[in-house]
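Each remark here refers to the structure printed beneath this line.
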Amino acid sequence: MIQVHYFAHLREVSGLEVENLEAAGKTIAELKEMLSKKYHLAGFDTVMTAVNEEFADEETVLQEGDHVAFIPPVSGG
Amino acid sequence: MIQVHYFAHLREVSGLEVENLEAAGKTIAELKEMLSKKYHLAGFDTVMTAVNEEFADEETVLQEGDHVAFIPPVSGG
Amino acid sequence: MNFQITKDPIDMNEMMDKVTSRNAGAVTLFVGTVRELTKNKKTLYLIYEAYEAMAVKKLAQIGDEIQLKWPETKVAITHRVGKLEITDVAVVIAVSTPHRNDAYEANRYAIERIKEIVPIWKKEHWEDGQEWVGNQLETVAYPSGKPEESDL
Amino acid sequence: MNFQITKDPIDMNEMMDKVTSRNAGAVTLFVGTVRELTKNKKTLYLIYEAYEAMAVKKLAQIGDEIQLKWPETKVAITHRVGKLEITDVAVVIAVSTPHRNDAYEANRYAIERIKEIVPIWKKEHWEDGQEWVGNQLETVAYPSGKPEESDL
């Protein structure tokens, strides 16, 4: 199982803060494709991804127990 | 009468914070010369002068009731 | 606790205390506040949300970057989350350095980096609607799915 | 009372409050503190002295200059006098502006101007002596007896 965190508009569209998914072995790109179909999430191309609280690229392969977070363009400050 | 204010090392050398002098009609330059003799004040060339709380130049003629202050190089901040 | 996400108002004296040092001659505090008008649109209030665990790490990383670029610096950053009204303080960056120019430069570096890499989001509420604001640097496209190497 | 000379410690939250504005998105606070080491000499404490009436006027003048250069700015400056120990706060400059770059620029302008035109003096006390410090910009000669026209 991996844990997926949603923030900002992604949280509103998915209706979820966090969910557990069977996705070990998939790449981030594959996970994104799966989720964008599941929740009709538009604009995933401008969304960064963090794995275990560090930015990760699309080819990163997910491991059992990973925490994945989708990071829309930030607007702190 | 004019009132003369001393600050920083000038206050220590003259031993005065403030004094009243008969100097109406004199220029700042003349007052400086008078005081540098009276108190053996060295370094008057790097000292600015204020008349009534505004910077004034050496040729300014003093009026009865003026407040004169000698302003050594400042070091606030 | 020099790098924090908080729900509570931020105290300026506390921020100052966090970076006070016998070696420092200058401290700069940058305070981001909620402004009423942006491009003639009237904001009613904002909601800030953070991915807290990662945000704290990224704030600390900015502190590390500053210490590499400007030695003998102390840095503290606190960002507030939740509902913020007009004039409320969203973020405070405190930087102390031996000499004052560095305190300004390092502080400015911190706010720019926050806007690049710290997972915090702002939702603007206006009279006629609401929206999650994309990044204020307007570099919203990340073709590789993450910031460029130099941004990490 | 946005421009003050005081014998008391300066409160950062109060300084912040003085410049808070619905129109401001950024506030910078510059805090000058007493540093222990300067050029390898160990300071024990400092005495600050001001020509108070004129100093307040000159601080207000700096505020006016800033408002001309950076419209929609609010400025507050407080300088402390008397005996200050290591890490004590000597001066706080608070500037609020709609956008953050101006807040840094205007603040930096204020500290430079203080060091040019505000009648405040500092006496350093070391283990082996004491001295009134000349101006820190090392432009100590005023051949005309006053600052150049552009400095007024």
Side-chain angles (χ1 to χ4, degrees), chain B residues 2-20 23 26-37 39-63 65-77, chain D residues 5 30-34 46-62 77-81 90-93 108 110-124 130-149 151-152:
Chain B
I2 61 153
Q3 200 168 61
V4 179
H5 298 260
Y6 300 94
F7 297 98
H9 74 276
L10 295 176
R11 180 175 290 186
E12 291 178 357
V13 173
S14 70
L16 294 170
E17 290 195 16
V18 61
E19 69 175 326
N20 291 309
K26 285 190 197 297
T27 63
I28 298 283
E30 288 165 347
L31 178 65
K32 276 187 167 182
E33 203 189 326
M34 185 179 119
L35 292 171
S36 69
K37 280 179 189 157
Y39 296 116
H40 308 285
L41 295 174
F44 247 11
D45 51 327
T46 64
V47 165
M48 296 184 275
T49 310
V51 175
N52 303 329
E53 300 160 10
E54 274 302 334
F55 290 110
D57 54 34
E58 300 282 279
E59 291 70 41
T60 303
V61 175
L62 296 168
Q63 314 282 320
D66 277 351
H67 285 236
V68 174
F70 296 112
I71 315 279
V74 303
S75 51
Chain D
I5 302 294
F30 174 84
V31 185
T33 56
V34 179
L46 300 180
I47 305 284
Y48 277 97
E49 183 177 295
Y51 179 19
E52 183 169 339
M54 183 172 169
V56 169
K57 276 192 189 175
K58 288 290 155 188
L59 293 175
Q61 175 187 324
I62 293 169
I77 307 175
T78 299
H79 203 299
R80 191 172 169 192
V81 291
V91 63
V92 179
I93 301 164
R108 192 177 225 157
I111 185 66
E112 300 301 334
R113 290 295 276 158
I114 287 171
K115 290 173 184 294
E116 285 169 3
I117 65 162
V118 181
I120 298 175
W121 302 273
K122 166 166 93 172
K123 190 176 192 176
E124 296 238 25
Q130 56 194 53
E131 192 177 21
W132 287 101
V133 178
N135 111 354
Q136 297 163 357
L137 298 172
E138 287 166 33
T139 53
V140 291
Y142 299 96
S144 68
K146 60 172 193 171
E148 297 309 304
E149 202 57 45
D151 289 342
L152 298 183

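Below, chain A is the first sequence line, B the second, and so on; all start at residue 1.
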### Query
Minimum heavy-atom separation for D:Glu116 to B:Met48, with atom names?
O-CE, 4.4 Å
### Query
What's the shortest heavy-atom distance between B:Val74 and D:Ile117, and which atoms?
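Here B:Val74 and D:Ile117 meet closest at CG2-N, 4.4 Å.
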Which region of [X], side chain (C-beta onward) or backbone (N, CA, C, O), has a non-hydrogen atom less than 4.5 Å from a non-hydrogen atom of chain B, or is it both or neither?
X        : value
D:Ile114 : both
D:Trp121 : both
D:Ala50  : backbone

### Query
Taking the inter-plane angle between the rings of B:Phe7 and D:Tyr51 on a 0 to 90° scale, is it parallel (under 30°), tilted (30 to 60°) or perpendicular (over 60°)?
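Ring orientation, 0 to 90° scale: tilted.
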### Query
Top residue by heavy-atom pair count (under 4.5 Å) with chain B, among D:Gly32, D:Ala53, D:Ala90?
D:Ala53
#### Entry: Non-hydrogen side-chain atoms of D:Met54 and B:His5 separated by less than 4.5 Å
no
### Query
Is it true that a side-chain atom of D:Tyr48 and a backbone atom of B:Gly77 form a donor plus acceptor pair closer than 3.5 Å?
yes
### Query
Between D:Lys115 (side chain) and B:Ser75 (backbone), is there a donor-acceptor pair under 3.5 Å?
no
### Whether over 12 other heavy atoms sit under 6.0 Å from B:Glu12 CD
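Yes.
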### Message
Holding to side-chain contact (heavy atoms from CB on, under 4.5 Å), I want the full list of residues that pass it with D:Val56, two or more places apart in sequence or in another chain.
### Response
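By the side-chain contact (heavy atoms from CB on, under 4.5 Å) rule, D:Val56 matches D:Ile5, D:Glu52.
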### Message
Going by side-chain hydrogen bond (donor to acceptor under 3.5 Å, both in side chains), name the residues that satisfy it together with B:Lys26, two or more places apart in sequence or in a different chain.
### Response
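Result, side-chain hydrogen bond (donor to acceptor under 3.5 Å, both in side chains) vs B:Lys26: none returned.
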### Distance (rounded to the nearest 0.5 Å) between D:Lys123 NZ and B:His9 NE2
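Result: 11.0 Å between the selected atoms.
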